[in-house]
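We number each residue from 1, following the sequence as shown.
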Amino acid sequence: MPTADEKIESILEILNITTGERTCVYRAMQKFEAPNWSPNGKTLIINQGGLIYTLPAAGGEPQKLDTGNATRCNNDHGLSPDGKWLAISSSTDKGSQIYIVPAQGGMPRLITPEAPSYWHGWSPDGNTLAYCARRNNQYNIFTIPVTGGAETQLTHTSSHNDGCDYSPDGQHIYWNAERTGLMKIWCMKPDGSQQEQVTTDTDYADWFPHPSPNGKWLVFLSYDKTVSGHPANKNVCLRLMPLNQKDAKPKVVATLFGGQGTINVPSWSPDSTRVAFVSYRLV
C-alpha cells in the first residue's frame with residue numbers, strides 16, 4: 001500500500017497482442033480499475049471511487065454513468081453481449097451484490113439477494129450471469145438467470161474459486177481455483193461438469209482468465225507464486241496462451257505494477273487484437 005508520502009497514479013493502457021505495443025489511453029492521480037470494452041469497440045468502462053465511468057477507447061476524459069443508488073461499485077462489472085445492459089457489483093449493508101443497469105445509465109435492478117456476490121461474466125446469449133460468491137464461508141462459482149431467481153452452484157470446494165468467464169461459444173467457463181496449493185486456471189462446462197486444470201506451471205499464481213471473442217486466446221493475470229491472494233500494488237504480468245491447442249504454454253505479454261484491479265473482468269477488444277488493462281505507479 002502507498003505510504004503517507006506516496007500517491008497512486010493509475011494508467012489505462014491498451015496492449016496489442018501481436019506487436020506487444022502498449023498505448024496509454026488515460027492516466028490520473030487517483031485509483032481506477034477494471035476496464036471493459038463496449039461491443040462496438042468505441043468505449044471503455046472503468047470504476048473509480050465507487051462509481052462507474054465511461055471514456056472513449058481512443059482517449060479522452062471519463063464521464064460518470066448514472067447507476068442510481070448503487071454508488072459503492074467495486075471492480076466487478078461488464079456489458080452484456082448486445083451492449084444494452086451493464087452488470088455491476090455494488091456494496092450494501094449485506095456485502096457486495098450484483099445489479100443490472102441500462103448501459104446508458106439508470107436505476108439498478110437487484111439480481112443476487114444473497115451476499116457477498118461478485119459478477120464476472122455474461123453468457124454469450126445474454127441470459128445468464130456467472131459470479132464468485134461466498135456461501136457457508138467458502139468462495140465458489142455460481143450462475144443465475146439475468147432475470148433473477150435461484151442461483152446454481154457450479155463448484156463445491158473449500159479452496160478459493162474466483163474469476164469466472166464464459167468462452168464465446170458458451171460451451172465452457174474458465175475460472176481460477178486454488179486446488180493444488182497454488183492458484184491456477186481451470187475450465188468446466190456451463191453446468192459445472194468436466195472440471196479440468198488449464199495452467200500447470202509452478203512459478204506463477206494465475207487469476208482472472210478471459211477468453212478472446214474469437215475463441216483463440218486466453219489472457220490472465222499472474223502473480224509470483226509467493227504472493228497470497230490478489231493484492232494491489234504488486235509486480236505482476238499478463239500472460240497469454242492459445243486455446244484449443246494441445247500442450248499450449250502461456251507467454252508473458254506485459255509486465256507491470258498492478259493487481260486485482262488490473263484485468264479482473266472481461267477486457268478484450270471486440271476484434272480480439274487488443275487487451276485493455278490498468279497499471280499503477282506510486283508517486
Side-chain angles (χ1 to χ4, degrees), residues 11-24 33-37 75-76 78 120-121 130 132 141 159-168 172-188 195-269 271-281:
I11 306 159
L12 176 55
E13 300 186 61
I14 292 176
L15 169 72
N16 184 306
I17 66 166
T18 300
T19 66
E21 180 182 6
R22 291 165 60 166
T23 303
C24 175
E33 303 175 298
N36 314 136
W37 293 77
N75 52 24
D76 302 311
H120 278 282
C132 163
I141 303 302
S159 57
H160 192 95
N161 298 271
D162 205 344
C164 43
D165 194 9
Y166 282 88
S167 61
H172 295 92
I173 292 176
Y174 290 86
W175 87 104
N176 53 273
E178 200 173 23
R179 300 184 178 186
T180 61
L182 190 61
M183 191 63 78
K184 288 294 159 192
I185 307 304
W186 289 68
C187 179
M188 61 182 161
Q195 299 185 10
E196 300 177 353
Q197 188 172 346
V198 176
T199 58
T200 59
D201 45 339
T202 57
D203 291 329
Y204 298 95
D206 302 324
W207 289 79
F208 308 127
H210 301 297
S212 59
N214 63 9
K216 293 183 177 181
W217 301 99
L218 186 74
V219 71
F220 50 93
L221 176 71
S222 290
Y223 289 85
D224 182 84
K225 63 182 179 181
T226 61
V227 176
S228 177
H230 47 49
N233 303 326
K234 293 287 184 180
N235 292 316
V236 296
C237 61
L238 302 183
R239 295 206 292 160
L240 184 76
M241 67 182 295
L243 288 175
N244 306 316
Q245 186 179 115
K246 187 178 180 180
D247 301 323
K249 302 296 183 184
K251 67 174 182 178
V252 175
V253 290
T255 57
L256 57 137
F257 191 65
Q260 182 188 22
T262 289
I263 189 173
N264 64 312
V265 289
S267 51
W268 281 96
S269 63
D271 62 5
S272 300
T273 64
R274 296 167 293 166
V275 172
F277 65 97
V278 180
S279 60
Y280 299 95
R281 194 165 71 99

Rounded to the nearest 0.5 angstrom, the CG-NE2 distance for Asn36 and His210 is 9.0 Å
Residue set satisfying side-chain hydrogen bond (donor to acceptor under 3.5 Å, both in side chains) with Asn75, at least two apart, ordered chain then number -> Glu33, Asn264
Value for OG (Ser267) from CZ (Phe277), rounded to nearest 0.5 Å, stands at 9.5 Å
Donor-acceptor list for residues 248-256 side chains, cut-off 3.5 Å, not counting sequence neighbours:
none

Taken in chain and number order and not counting sequence neighbours, the residues that satisfy side-chain hydrogen bond (donor to acceptor under 3.5 Å, both in side chains) with Trp175 are Asn161
So side chain to side chain donor-acceptor pair (under 3.5 Å) across residues 216-226, not counting sequence neighbours, yields Asp206-Ser222, Ser222-Arg239, Asp224-Thr226
Of all heavy-atom pairs linking Val236 and Gly259, the shortest is CG2-N, 4.2 Å
Contacts of Thr18 meeting side-chain contact (heavy atoms from CB on, under 4.5 Å) (sequence neighbours excluded), chain-then-number -> Asn16
Between Ser167 and Pro211, the two heavy atoms sitting closest are CA-CG, 4.0 Å
Sorted by chain and residue number, the side-chain contact (heavy atoms from CB on, under 4.5 Å) partners of Ile11 (sequence neighbours excluded) come out as Glu9, Glu13, Cys24, Arg27, Ser279
Here the salt bridge (Lys or Arg N to Asp or Glu O under 4.0 Å) pairs for residues 257-269, sequence neighbours left out, are none
The side-chain hydrogen bond (donor to acceptor under 3.5 Å, both in side chains) partners of Glu178 (sequence neighbours excluded) come to none
Applying side-chain contact (heavy atoms from CB on, under 4.5 Å) to Ser272 and not counting sequence neighbours gives Ser212, Pro213, Asn214
Applied to residues 229-253, the ring-ring contact (aromatic ring centres under 6.0 Å, His included) test, sequence neighbours excluded, yields Trp207-His230, Phe208-His230
Check: Taking the six-membered ring of Trp268, is NZ or CZ of Arg274 closer than 6.0 Å to its centre and within 45° of its axis?
Finding: no
Applying ring-ring contact (aromatic ring centres under 6.0 Å, His included) to His172 and not counting sequence neighbours gives none
CH2 (Trp186) and CD (Gln195) are apart, to the nearest 0.5 Å, by 7.5 Å
Rounded to the nearest 0.5 Å, the CD1 atom of Ile141 sits from the CD1 atom of Ile173 at a distance of 8.0 Å
When every non-hydrogen atom of Ala130 is compared with those of Tyr166, the smallest separation belongs to CB-CE1, 3.7 Å
| Exam field: side chain Gln197 to backbone Thr199, donor-acceptor pair closer than 3.5 Å | yes
side-chain contact (heavy atoms from CB on, under 4.5 Å) filter on Pro35, not counting sequence neighbours, yields Leu12, Ile46, Ala276, Val278
Minimal heavy-atom distance between Cys237 and Tyr204, with the atoms involved, is SG-CE2, 3.7 Å
